Amino acid sequence: DVKVTQSSRYLVKRTGEKVFLECVQDMDHENMFWYRQDPGLGLRLIYFSYDVKMKEKGDIPEGYSVSREKKERFSLILESASTNQTSMYLCASRSQGNEQFFGPGTRLTVL
Amino acid sequence: RKEVEQDPGPFNVPEGATVAFNCTYSNSASQSFFWYRQDCRKEPKLLMSVYSSGNEDGRFTAQLNRASQYISLLIRDSKLSDSATYLCVVNGTLLTGGGNKLTFGTGTQLKVEL
């Protein structure tokens, strides 16, 4: 069964902290994505990666960076968390087809 | 104009009712269309793809109108378990490395009541 896992379901951090969100997929997919989901704004693409060590900016990359050292793992990094980064973060992966499989999400609160 | 637009709802319907959602998209070059379902506090999951000729999966029917750039989802004989948010998804910009970026609508909330 297809599986995308995320390191935490809930996370509370303070302004200025460095935050790491981890995502692992077991489907050998080339493409992995990080989104944030906010009420009224829907899912917005932050970054994606199409191969190990390859990354591309999505629609809202400011304040974020990513790392993909292994094919199965894609990390989202908030260098200095701010309150406007409080959100639900969803990781997804897919092969060359269009169906994306999502992880369960991490609800991040920045105080 | 948003790339993908949906009525946020909520649509409150009695069990057994038929309900339809529409979604419009702005990129006329889009080739693939989908409906995803998202339960409360859960991740989105693919409900069904939408094909040019329209397609059906049990109680669910999806239609595409390329001329008017909208897609629809019809749910017949609604069940309590159909209560969820339905996301309209359209593929668009080609991504580096292959494949297309998926653009998600903000979703339409459905509440099926006794």
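Reckoned from all heavy atoms, side chains included, excluding hydrogens, waters and symmetry mates. Note that this is a predicted model, so its numbers are computed, not measured. So that the names make sense, note that chain A is the first sequence line, chain B the second, and so on, each numbered from 1.
Between E43(B) and V4(A) there is no side-chain heavy-atom pair separated by less than 4.5 Å. The closest side-chain heavy-atom distance from F34(B) to Q100(A) is not below 4.5 Å.
Note: F104(B) and F33(A) fail the aromatic proximity criterion, with ring centroids not under 6.0 Å apart.
Residues F102(A) and V24(A) do not share a hydrophobic cluster, clusters being chains of Ile/Leu/Val/Met/Phe/Trp/Tyr side chains in contact below 4.5 Å. Clustering ILVMFWY residues whenever any of their side-chain heavy atoms sit less than 4.5 angstrom apart, transitively, puts Y70(B) in a cluster other than the one holding Y86(B). Residues Y36(B) and F60(B) do not share a hydrophobic cluster, clusters being chains of Ile/Leu/Val/Met/Phe/Trp/Tyr side chains in contact below 4.5 Å. Note: the hydrophobic cluster containing V90(B) also contains F21(B) (ILVMFWY, side chain heavy atoms under 4.5 Å, direct or indirect links). There is no path of hydrophobic side-chain contacts, each under 4.5 Å, that joins V50(B) to L102(B).
With a threshold of 4.5 angstrom between heavy atoms, L41(A) approaches chain B through N, CA, C or O but not through any side-chain atom. Contact of P8(B) with chain A is not made at all, since no heavy-atom distance falls under 4.5 Å. For chain A, the nearby parts of K101(B) are the backbone and the side chain; heavy atoms of each come within less than 4.5 Å. There is no contact between Q6(B) and chain A, counting heavy-atom distances below 4.5 Å. Residue contact with chain B, scored on non-hydrogen atoms closer than 4.5 Å, is absent for R44(A).
Within 6.0 Å of the CD atom in E22(A), the count of heavy atoms belonging to other residues, nucleotides or ligands exceeds 12. Counting non-hydrogen atoms of other residues, nucleotides and ligands closer than 6.0 Å to NZ of K71(A) gives a total above 12. Heavy atoms of other residues, nucleotides or ligands lying less than 6.0 angstrom from CZ of R14(A) number 12 at most.
Residue with the most contacts toward chain A among L46(B), V4(B), V89(B): L46(B) (heavy-atom pairs, distance under 4.5 Å). Counting heavy-atom pairs under 4.5 Å between each of M88(A), Q37(A), M54(A), R107(A) and chain B puts Q37(A) at the top.
We find the OG1-CG distance between T106(B) and D38(A) to be 12.0 Å, quoted to the nearest 0.5 Å. Here the straight-line distance linking atom CG of L90(A) with atom NZ of K42(B) works out to 13.0 Å at 0.5 Å rounding. Here L43(A) contributes atom CG and L87(B) contributes atom CG; the two are 6.5 Å apart, rounded to the nearest 0.5 Å.
Residues of residues 73-82 of chain A having a heavy atom under 4.5 Å from any heavy atom of chain B: none.
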